[in-house]
Amino acid sequence: MLYDIARSVLFRMSPETAHAVIMHNIDWAVAFGLTRLVAKLPNDSPVTVMGLRFPNSIGLAAGMDKTGSHVQALGGLGFGHIEVGTITPRAQPGNEKPRCWRVIP
């Protein structure tokens, strides 16, 4: 039920706006456990790759958190691994918009 409400609200926004809203609020939402009301954490299903052990095979590719400032919150969502990306000494312009889109099954 809460998932349906959250999805309805977010889908009324453009993908770029929805991404910005989520990234601005993800830290406190994970800290207070609100994300668990919308979706459950994945089951532990450890995977070992090249000697590294990951809690599960669900990963998040670089690009979601461009500044690397929400890694702990993203980890709290249950991802087995998170790729933050490259850190540069100076900010760089992003790709042209639209940069986000929805794939709706």
Side-chain angles (χ1 to χ4, degrees):
M1 179 173 132
L2 286 176
Y3 172 82
D4 294 329
I5 294 169
R7 185 175 193 259
S8 174
V9 169
L10 291 170
F11 272 51
R12 291 170 197 237
M13 302 173 191
S14 73
E16 289 274 345
T17 302
H19 174 80
V21 167
I22 292 296
M23 295 312 291
H24 285 299
N25 293 287
I26 194 166
D27 293 317
W28 67 265
V30 171
F32 287 108
L34 295 179
T35 55
R36 291 187 185 160
L37 298 174
V38 178
K40 65 179 187 167
L41 293 174
N43 295 330
D44 263 356
S45 181
V47 177
T48 301
V49 179
M50 295 189 293
L52 297 173
R53 184 186 177 280
F54 300 98
N56 60 59
S57 61
I58 301 169
L60 181 65
M64 182 68 161
D65 181 12
K66 297 217 179 279
T67 61
S69 54
H70 306 287
V71 175
Q72 187 170 355
L74 292 169
L77 294 176
F79 289 105
H81 52 95
I82 300 170
E83 181 182 354
V84 176
T86 303
I87 298 173
T88 61
R90 281 180 270 174
Q92 299 177 7
N95 293 332
E96 291 182 26
K97 292 183 181 183
R99 300 173 292 203
C100 297
W101 60 92
R102 293 185 174 103
V103 177
I104 303 171

By salt bridge (charged side-chain N to carboxylate O under 4.0 Å, His left out) - contacts of E83 (at least two apart): none
State yes or no: do I82 and V49 share one hydrophobic cluster built from I, L, V, M, F, W and Y residues joined by side-chain heavy-atom distances below 4.5 Å, directly or via other members? no
Has R7 got its NZ or CZ under 6.0 Å from the middle of the six-membered ring of F11, at an angle within 45 degrees of the ring axis? yes
Name the atoms and distances for all side-chain donor-acceptor pairs under 3.5 Å in residues 55-62, with sequence neighbours left out.
{"from": "N56", "atom 1": "OD1", "to": "I58", "atom 2": "N", "distance (Å)": "2.8"}
{"from": "N56", "atom 1": "OD1", "to": "G80", "atom 2": "N", "distance (Å)": "3.0"}
{"from": "N56", "atom 1": "ND2", "to": "G78", "atom 2": "O", "distance (Å)": "3.0"}

Please report the shortest heavy-atom distance between A18 and M13, naming the atom on each side. CA-SD, 3.9 Å
Does H81 have any ring pair (Phe, Tyr, Trp, His ring centres under 6.0 Å) partners at least two apart in sequence or in another chain, and if so, which? F54
Of all pairs that satisfy side-chain hydrogen bond (donor to acceptor under 3.5 Å, both in side chains), the ones with a partner from residues 19-32, not counting sequence neighbours: N25-W28, D27-H70
Across all chains, not counting sequence neighbours, the side chain to side chain contact (heavy atoms under 4.5 Å, CB included) partners of S45 are none
Across all chains, not counting sequence neighbours, the side chain to side chain contact (heavy atoms under 4.5 Å, CB included) partners of L41 are R36
Measuring from atom CG of L37 to atom CZ of F32, what distance do you get when rounded to the nearest 0.5 angstrom? 13.0 Å
Going by the salt bridge (charged side-chain N to carboxylate O under 4.0 Å, His left out) test, which pairs reach into residues 40-58, not counting sequence neighbours? none
Sequence neighbours excluded, which residues qualify as side-chain hydrogen bond (donor to acceptor under 3.5 Å, both in side chains) partners of E16? R99
Just to verify, what does R12 make a side chain to side chain contact (heavy atoms under 4.5 Å, CB included) with, not counting sequence neighbours? S8
Is N95 atom CG crowded by more than 12 heavy atoms from other residues, nucleotides or ligands, each under 6.0 Å away? no
Which pairs, with at least one residue in residues 86-105 and sequence neighbours excluded, count as a ring-ring contact (aromatic ring centres under 6.0 Å, His included)? none
Are L77 and I26 close enough that some pair of their side-chain heavy atoms sits under 4.5 Å apart? yes
From D65 atom CG to L74 atom CG, the distance as rounded to the nearest 0.5 Å: 5.5 Å
